[in-house]
Protein chains: 2
Amino acid sequence: MKLYEQIKQHLLDGISAGRWAEGAKIPSEHDLMATFNASRMTVHRAMRELSADGILHRMQGAGSFVRRQAPRSALLEIHDIAEDISQRNHVHGSIILHLAAIRADAAIAAELDLRRGARVFYSEIVHTEDGVPVQLEQRHVSPRFAPDYLAQDFSAQTTSRYLQAIAQPTEVEHIVHAVAADSRVQTILEIPPSEPCLQVLRRTWTEAGPATRSLLTHPGSRYSLGSRYAVNQRK
Amino acid sequence: MKLYEQIKQHLLDGISAGRWAEGAKIPSEHDLMATFNASRMTVHRAMRELSADGILHRMQGAGSFVRRQAPRSALLEIHDIAEDISQRNHVHGSIILHLAAIRADAAIAAELDLRRGARVFYSEIVHTEDGVPVQLEQRHVSPRFAPDYLAQDFSAQTTSRYLQAIAQPTEVEHIVHAVAADSRVQTILEIPPSEPCLQVLRRTWTEAGPATRSLLTHPGSRYSLGSRYAVNQRK
DNA sequence: CAGTGGTCTAGACCACCCA
DNA sequence: GGGTGGTCTAGACCACTGG
């Protein structure tokens with residue numbers, strides 16, 4: 001087996017055997033060079049890859065530590081489109097079409113566990129990537145969950161980021177559809193009538209009950225969802 | 001900016017500017033060493049990271065190429081359709097349109113890590129729910145992974161189930177798109193031209209390398225993907 | 001200050017692909 | 001056989017951390 005893989009495996013084995021607990025400091029590059037009779041570049045590569053995989057946490061001047069693991073088992077992340085876009089080195093923009101309290105209709109009331117006609121916050125925002133619309137975000141938020149929702153400046157901070165900062169949801173649901181856009185959505189997203197859209201319905205709950213219901217509509221030609229995961233990372 | 005990041009950015013820029021199309025060969029390590037006045041290790045690191053991110057496809061002895069399609073982040077678990085259907089107490093059926101060895105074209109060869117023109121297994125199956133088409137499954141399978149693929153009876157056992165019985169993949173990738181169906185697919189799925197389709201590209205790997213590449217196309221009106229996830233609290 | 005990780009160089013040997 | 005990538009070495013300089 002390749003030397004850098006042996007080193008990775010040695011560290012992974014040690015972690016799963018409990019020889020190094022979460023947060024513990026693991027041997028330095030210098031130590032591992034001696035243990036494996038390897039050059040520093042080789043040891044460094046092994047540790048850098050483990051760091052990229054989120055297994056280790058490395059700090060210049062301090063050492064390398066076992067990362068306290070977020071549960072990787074279920075492969076579902078809440079993700080903020082602004083971060084996605086800036087990770088691709090593109091420019092994210094928001095156009096706020098709507099931000100107000102409205103009366104819940106029967107469907108929304110049922111989903112958010114409110115009485116029909118109750119106050120519910122509604123926002124409608126178009127997200128652009130390098131100026132091109134990539135997502136229409138239509139979001140209903142329960143006032144119980146985010147009472148100050150209307151007072152936020154969502155051109156400075158995305159709704160996702162704000163809501164996540166309030167409280168982590170305890171439960172998340174995603175449903176993905178392919179749909180045709182109606183004429184209003186076609187106009188907003190600047191797409192022809194023939195273009196299919198990828199629509200994600202995302203609902204979140206906290207312990208206090210339903211929190212948000214978001215309908216995210218994306219032009220099929222400009223957006224896709226993906227996930228990739230390694231089945232047996234840490235074993 | 002760090003040198004290896006400059007090199008990565010240079011390649012990413014060139015790809016998004018269309019200077020190197022999908023599948024095109026990009027400069028060799030040797031070329032980039034000269035361009036950036038960098039050592040080979042540094043160039044190599046830049047290209048290795050792009051390869052790990054699925055941007056490049058590298059083949060020893062042949063060169064480095066732009067990978068077709070770039071995965072996005074986040075989301076989603078996907079089940080075997082036959083199980084889904086029978087869990088709903090509906091009747092699952094399969095129509096086998098194709099099951100043969102074909103020659104890999106450049107795109108498939110790159111994805112499955114084969115030489116162009118190499119033998120690769122290809123199957124095309126329509127799945128029906130109570131007689132109505134709900135999925136067109138177009139699957140390429142590496143002979144290295146499943147040498148006896150062609151000898152199976154896939155009307156008795158789904159391809160997914162057979163492949164999973166051989167070996168669990170170590171890595172799985174899903175990419176979800178909304179697309180319009182071409183006329184052949186419209187006919188197969190019995191849908192009108194206006195109906196958008198939900199398309200899932202699923203790729204799997206084992207330790208020995210790429211194993212399968214499946215394109216699953218569903219009528220938007222008859223199929224959606226869903227997932228619900230209870231977030232684990234951090235300990 | 002000594003220890004540590006981040007980056008980089010200038011070589012090397014090997015396995016592989018393709019003309 | 002010439003070009004290409006995969007791995008590895010033995011150095012180097014730097015930035016940062018901690019006692």
Side-chain angles (χ1 to χ4, degrees), chain A residues 1-11 20 23-67, chain B residues 1-11 15 20 23-67 103-120 142 144 205 207-210:
Chain A
M1 203 204 282
K2 292 156 211 159
L3 188 45
Y4 76 89
E5 287 182 345
Q6 288 180 41
I7 298 172
K8 285 176 74 170
Q9 201 53 57
H10 174 254
L11 294 173
W20 301 297
K25 185 169 178 177
I26 65 171
S28 69
E29 297 190 350
H30 184 81
D31 295 338
L32 290 169
M33 284 170 67
T35 305
F36 285 89
N37 194 26
S39 77
R40 195 170 153 230
M41 278 298 287
T42 302
V43 171
H44 182 76
R45 173 172 177 183
M47 298 180 86
R48 175 157 43 79
E49 291 190 358
L50 291 177
S51 172
D53 289 348
I55 309 291
L56 296 184
H57 173 64
R58 314 193 75 199
M59 277 192 307
Q60 206 173 90
S64 300
F65 306 85
V66 180
R67 167 154 267 151
Chain B
M1 198 201 276
K2 293 155 210 160
L3 188 47
Y4 76 90
E5 286 182 344
Q6 289 179 40
I7 299 173
K8 284 176 74 171
Q9 200 55 58
H10 171 74
L11 295 173
I15 291 168
W20 301 297
K25 187 170 178 176
I26 65 171
S28 70
E29 296 190 350
H30 186 266
D31 295 338
L32 290 169
M33 285 171 68
T35 305
F36 285 88
N37 194 26
S39 77
R40 195 172 152 229
M41 279 299 286
T42 302
V43 171
H44 182 77
R45 174 172 177 183
M47 297 180 86
R48 174 157 44 76
E49 291 190 359
L50 290 177
S51 171
D53 288 348
I55 310 289
L56 295 185
H57 171 66
R58 314 192 75 198
M59 279 193 305
Q60 207 173 86
S64 300
F65 306 85
V66 179
R67 198 184 260 298
R103 300 275 157 204
D105 63 21
I108 294 298
E111 289 197 30
L112 292 182
D113 230 353
L114 299 168
R115 284 186 303 281
R116 193 156 21 120
R119 251 166 65 95
V120 61
S142 169
R144 281 198 294 242
W205 288 259
E207 270 149 29

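Throughout, protein chains are lettered first and strands after them, A, B, ... in sequence-line order, and every chain is numbered starting at 1. Please read these numbers as outputs of a predicted model, since none were measured by experiment. Keep in mind that the numbers below use all heavy atoms, side chains included, and drop hydrogens, waters and symmetry copies.
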(request) Using chain B heavy atoms and a threshold of under 4.0 Å, write down where along DNA chain D the contacts begin and end, 5' to 3'. (result) D:dG3 to D:dT9

(message) I'd like to check the salt bridge (charged side-chain N to carboxylate O under 4.0 Å, His left out) partners of A:Arg48; sequence neighbours left out, ordered by chain and number.
(response) B:Glu49

(request) Note down the inter-axis angle between the two ends of the helix from C:dC1-D:dG18 to C:dC18-D:dG1, five pairs each, to the nearest 10°. (result) 10°

(message) So, using side-chain hydrogen bond (donor to acceptor under 3.5 Å, both in side chains) as the criterion, who are the partners of B:Ser64 when residues are at least two apart?
(response) B:Arg58

(request) Mind checking side chain to side chain contact (heavy atoms under 4.5 Å, CB included) for A:Ser28 and listing every partner two or more places apart, or none if nothing turns up? (result) A:His30, A:Asp31

(request) Residues of residues 28-40 of chain B with any non-hydrogen atom less than 4.0 angstrom from an atom of DNA chain C: list those, numerically ordered, please. (result) B:Asn37, B:Ala38, B:Ser39, B:Arg40

(request) Please state how far atom CZ in B:Arg58 lies from atom C1' in C:dA15, giving the value in whole angstrom units. (result) 14 Å

(message) For B:Arg119, give me all partners under side-chain hydrogen bond (donor to acceptor under 3.5 Å, both in side chains), at least two apart in sequence or on another chain.
(response) none

(message) Whole angstroms only, please: what is the CE-P distance between A:Met59 and C:dT4?
(response) 13 Å

(request) State which residues pass salt bridge (charged side-chain N to carboxylate O under 4.0 Å, His left out) with B:Arg103; sequence neighbours excluded, sorted by chain then number. (result) none

(request) Not counting sequence neighbours, which residues clear ring pair (Phe, Tyr, Trp, His ring centres under 6.0 Å) with B:His10? List them please. (result) B:Trp20, B:Phe36

(request) Please tell me which of B:Met41 and B:Ala62 maps to the more 5' nucleotide of DNA chain D, matching each residue to the nucleotide holding its nearest heavy atom. (result) B:Ala62

(message) A:Phe65: which residues meet the ring pair (Phe, Tyr, Trp, His ring centres under 6.0 Å) condition with it, sequence neighbours left out?
(response) none

(request) Would you please name every residue forming a side chain to side chain contact (heavy atoms under 4.5 Å, CB included) with A:Thr35, sequence neighbours left out? (result) none

(request) Please report the closest heavy-atom contact between A:Met47 and A:Leu11, naming both atoms and the distance. (result) CG-CD1, 4.2 Å

(request) List in chain and number order the residues that pass side chain to side chain contact (heavy atoms under 4.5 Å, CB included) with B:Lys2, two or more places apart in sequence or in another chain; answer none if no residue qualifies. (result) B:Tyr4, B:Glu5

(request) Would you mind reading off the distance between A:Lys2 atom NZ and C:dA15 atom C1', rounded to a whole angstrom? (result) 12 Å

